[in-house]
Amino acid sequence: MTGRRREDVIDQLSRVGDAGAAVEELLSQKSQTSFFTVELTLADIMAGLVEISGMEGGRSQREKIRVIQRLLSSASPLEGHYITAILLEDFRIGVGDGNLRDAIAQAFTVDPKLVEYANQVRNDMGEVSVLALSGEEALRSVRLVPFHPVRMMLARQGTISGVLGEGVRVAVEYKYDGARFQFHKQNGTCRMYSRRLEEVTSAMPDVVALLDGALPDDVIVDGEVIAVQDGRPMPFQMVLRRFRRKHNVAQAADAITMVPNLFDILYYNQEMLIDRPFIERREILTKVSSRYVTPQLVSGKEEEIEDYYHDALDAGHEGVMLKLLDSRYTPGVRGKDWVKIKPEADTLDLVVTGAEWGEGKRAQVFGSFLLSVRSNGRLVPISRVATGFSDEQLNWLFQTLQDDIIRKDGKMVYFEPRLVFEIGYSEIQKSPNYEGGYALRFPRFIEVREDKDIKEANTAEDVEERYILAHRPVNN
DNA sequence: ACTGGCTGCCC
DNA sequence: ATTCTGC
DNA sequence: GCAGAATGGGCAGCCAGT
């Protein structure tokens, strides 16, 4: 569309760090030499997007590219910027749900709290703004309906002592390492939705059948499915093999047993329950469901909760959730009403053997680093890390590592090994992608171990030992 | 029929 | 997921 | 305290290319 070489475009992208901005610059350079542009209308753009969304199968990528090329080549630089942003769903204009909510509230002179509430229930800002047009009463009267999933309530991280105050009692439940789901049933039909509200019913026929058997008609419940074997939870990777599968579902279901755990109910028998206190919802859930309701401890005693937490870890779960007893169900909100308690991260000292150029606000520095363990005198990659750095640290690392670069390959660079990072992680997992066969889950940068030589970094044997230790059967 | 690269979504 | 940053 | 940004491992699905 601009007559540029592929490499130039890639260069531009990595320099600017924002695809929309990069396209805008490329188009503005082009318009200096070419003045022949056809006027682009909103209808043209809409038609192009609709066309693209209907494409699939052989040669569909080529066709999609052709349509985008057509749009961009008749776009002004600014139009190109935002067409690109639309395509990538990446506007970077500082407008999120909160700003949109306030704008709708002001436009139709309604309480922003009601706009938020209606959006929580309906999960559709377009519909909500139409409701706002007819006034506050319309926003107030929104109702949950089966097969219209709502966003999940989310938890923040915390500590037991941080949650417990004077005379505070909380509900304590296991935190399962599986996939979140929302299950709807009405008129004998069942549907299951993922965290992003994708429908996963056909991937989970076994779980759907279990829930169908356990629940009455006309309900919406919230829970987590995990993979189990001999009564113990299986690694999260097993969940991934099942959760969104479309092909060979029966075979996978045969190989990997999934079990649902229910911990909330949002709707039952024509009645919306999200505004009721959590303890009431819990009571309804236990009455409504004959099985699969997650066990719960209600307590205000720190030691008792600690014990429950250690039981959860011993049973192979991630930790516990602490939930305030009088809290409402707030869809999509990561509030302080639900708090997750997980073990502190373990750490390893790893050798920095490579890095990759960053994007966006990291366009001028390395965005991630390749980490290795020592193994028989060699260095073997085990993970990358990209979080935990301050901007200042990223700048410093970029500069100090310049002299160590011994090889470049695309956006990757490789170093003469020198630095040791202390890296926090939640778990060591089997890896099909890393040579050593292990990788870290949720790696994060703690600090540069300037006191350590690479000869003092952790070894592949250390990693294996920790993996085995973590997966040994508990006996006490 | 297979592989490799990329995307989207689970955490 | 985790973490940092600007408001 | 919140929203936004940049990034992790790993899985299935999809498409291109052979």
Side-chain angles (χ1 to χ4, degrees), chain A residues 17-18 55-65 87-102 152 154-158 175-181 193-200 202-204 224-227 235-249 251-252 256 258 318 332-336 340 342 344-345 355-371 381-394 410 423-434 437-446:
Chain A
D18 173 303
M55 290 176 179
E56 58 177 52
R59 278 182 294 283
S60 60
Q61 290 191 350
R62 197 179 307 172
E63 288 305 296
K64 287 177 187 174
I65 289 169
L87 289 167
L88 296 178
E89 294 180 272
D90 186 16
F91 274 85
R92 306 192 194 207
I93 54 177
V95 177
D97 281 2
N99 285 334
L100 184 58
R101 173 198 62 212
D102 291 350
M152 314 258 177
L154 304 170
R156 60 181 47 189
Q157 295 187 79
K175 183 181 190 307
Y176 298 101
D177 190 13
R180 189 80 177 271
F181 70 84
Y193 302 91
S194 71
R195 161 105 176 243
R196 292 285 286 268
L197 311 185
E198 307 276 329
E199 208 190 316
V200 292
S202 54
M204 302 270 105
E224 180 104 358
V225 266
I226 57 172
F236 178 70
Q237 278 144 303
M238 295 296 142
V239 176
L240 285 181
R241 286 185 199 164
R242 291 254 359 236
F243 195 58
R244 291 163 59 241
R245 177 177 283 278
K246 291 188 181 176
H247 311 303
N248 303 114
V249 170
Q251 262 171 276
I256 302 169
M258 302 287 282
E318 268 195 318
V333 177
R334 191 180 290 283
K336 54 185 168 13
K340 56 184 161 189
K342 294 212 239 179
E344 250 187 79
E356 187 170 18
W357 284 90
E359 292 186 6
K361 66 181 180 182
R362 293 192 187 168
Q364 310 300 327
V365 294
F366 297 131
S368 68
F369 297 85
L370 184 65
L371 307 166
I382 182 170
S383 267
R384 298 169 169 236
V385 66
T387 191
F389 307 97
S390 67
D391 293 352
E392 195 188 351
Q393 284 170 321
L394 283 173
I423 298 295
Y425 64 92
S426 71
E427 188 184 13
I428 292 167
Q429 56 191 1
K430 284 264 191 221
S431 170
N433 301 319
Y434 284 94
Y438 295 100
L440 305 183
R441 193 172 181 202
F442 308 142
R444 57 264 208 187
F445 172 80
I446 308 291

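Just so it is clear, the model here is predicted, and its values are computed rather than measured. To find a chain, count down the sequence lines: A is the first, B the second, and so on, and within it residues start at 1.
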Protein-nucleotides 3-10 of chain D N/O pairs under 3.5 Å:
{"residue": "D:dG4", "atom": "OP1", "partner": "A:Gly96", "partner atom": "N", "Å": "2.7"}
{"residue": "D:dA6", "atom": "OP1", "partner": "A:Arg92", "partner atom": "NH1", "Å": "3.3"}
{"residue": "D:dA6", "atom": "OP1", "partner": "A:Lys361", "partner atom": "N", "Å": "2.5"}
{"residue": "D:dA6", "atom": "OP2", "partner": "A:Arg92", "partner atom": "NH1", "Å": "3.2"}
{"residue": "D:dT7", "atom": "OP1", "partner": "A:Glu359", "partner atom": "N", "Å": "2.8"}
{"residue": "D:dG8", "atom": "OP1", "partner": "A:Arg384", "partner atom": "NH1", "Å": "3.4"}
{"residue": "D:dG9", "atom": "OP1", "partner": "A:Arg384", "partner atom": "N", "Å": "3.3"}
{"residue": "D:dG9", "atom": "OP1", "partner": "A:Tyr434", "partner atom": "OH", "Å": "2.3"}
{"residue": "D:dG9", "atom": "O3'", "partner": "A:Gln429", "partner atom": "NE2", "Å": "3.1"}
{"residue": "D:dG10", "atom": "OP1", "partner": "A:Lys430", "partner atom": "O", "Å": "3.2"}
{"residue": "D:dG10", "atom": "OP1", "partner": "A:Ser431", "partner atom": "OG", "Å": "3.1"}
{"residue": "D:dG10", "atom": "OP2", "partner": "A:Ser431", "partner atom": "OG", "Å": "2.9"}
{"residue": "D:dG10", "atom": "OP2", "partner": "A:Asn433", "partner atom": "ND2", "Å": "3.1"}

List in chain and number order the residues that pass side chain to side chain contact (heavy atoms under 4.5 Å, CB included) with A:Arg245, two or more places apart in sequence or in another chain; answer none if no residue qualifies.
A:Asn248, A:Val249, A:Ala252
Under the rule for side chain to side chain contact (heavy atoms under 4.5 Å, CB included), what residues qualify as partners of A:Glu63, not counting sequence neighbours?
A:Met55, A:Arg66
My understanding is that only residues two or more places apart in sequence, or in another chain, count here; which of them pass side chain to side chain contact (heavy atoms under 4.5 Å, CB included) with A:Tyr434?
A:Leu370, A:Pro381, A:Arg384, A:Ser431, A:Ala439
Length of the CG-C1' vector between A:Leu88 and B:dG8, whole Å:
14 Å
Considering residues at least two apart in sequence or located in another chain, which fulfil the side chain to side chain contact (heavy atoms under 4.5 Å, CB included) criterion with A:Leu394?
A:Arg362, A:Val365, A:Phe369, A:Phe389
Who pairs with A:Lys64 by side chain to side chain donor-acceptor pair (under 3.5 Å), at least two apart in sequence or on another chain?
none
Just to verify, what does A:Arg441 make a salt bridge (charged side-chain N to carboxylate O under 4.0 Å, His left out) with, not counting sequence neighbours?
A:Asp177, A:Glu427
Measure CD1/A:Ile256 against P/B:dC10 and give the value in whole Å, please.
17 Å
Value in whole Å for how far the C1' atom of D:dC11 lies from CD of A:Gln251:
17 Å
Please state how far atom CE in A:Met258 lies from atom P in B:dC11, giving the value in whole angstrom units.
11 Å
The first and last nucleotides of DNA chain C lying within contact of chain A, meaning any atom under 4.0 Å from one of its heavy atoms, run from C:dA1 to C:dT5
A:Lys342 and A:Glu318 have their tightest heavy-atom pair at NZ-OE2, 3.6 Å
For the pair made of NZ in A:Lys246 and P in B:dC9, what is the distance, rounded to whole Å?
11 Å
At under 4.0 Å between heavy atoms, what does A:Lys342 touch on the DNA or RNA strands: base, sugar-phosphate, or nothing?
sugar-phosphate
Identify, between A:Gln61 and A:Gly335, the residue whose nearest nucleotide on DNA chain D lies closer to the 5' end.
A:Gly335
Select base, sugar-phosphate, or nothing to describe what A:Phe445 touches, counting heavy atoms under 4.0 Å on all strands.
nothing
Who passes salt bridge (charged side-chain N to carboxylate O under 4.0 Å, His left out) against A:Asp97, sequence neighbours left out?
A:Arg151
Could you measure between the two C1' atoms, the one in B:dG8 and the one in C:dA1, and give it in whole Å?
15 Å
Does the A:Arg444 side chain pair with the main chain of A:Thr387, one donor and one acceptor, at a distance under 3.5 Å?
no
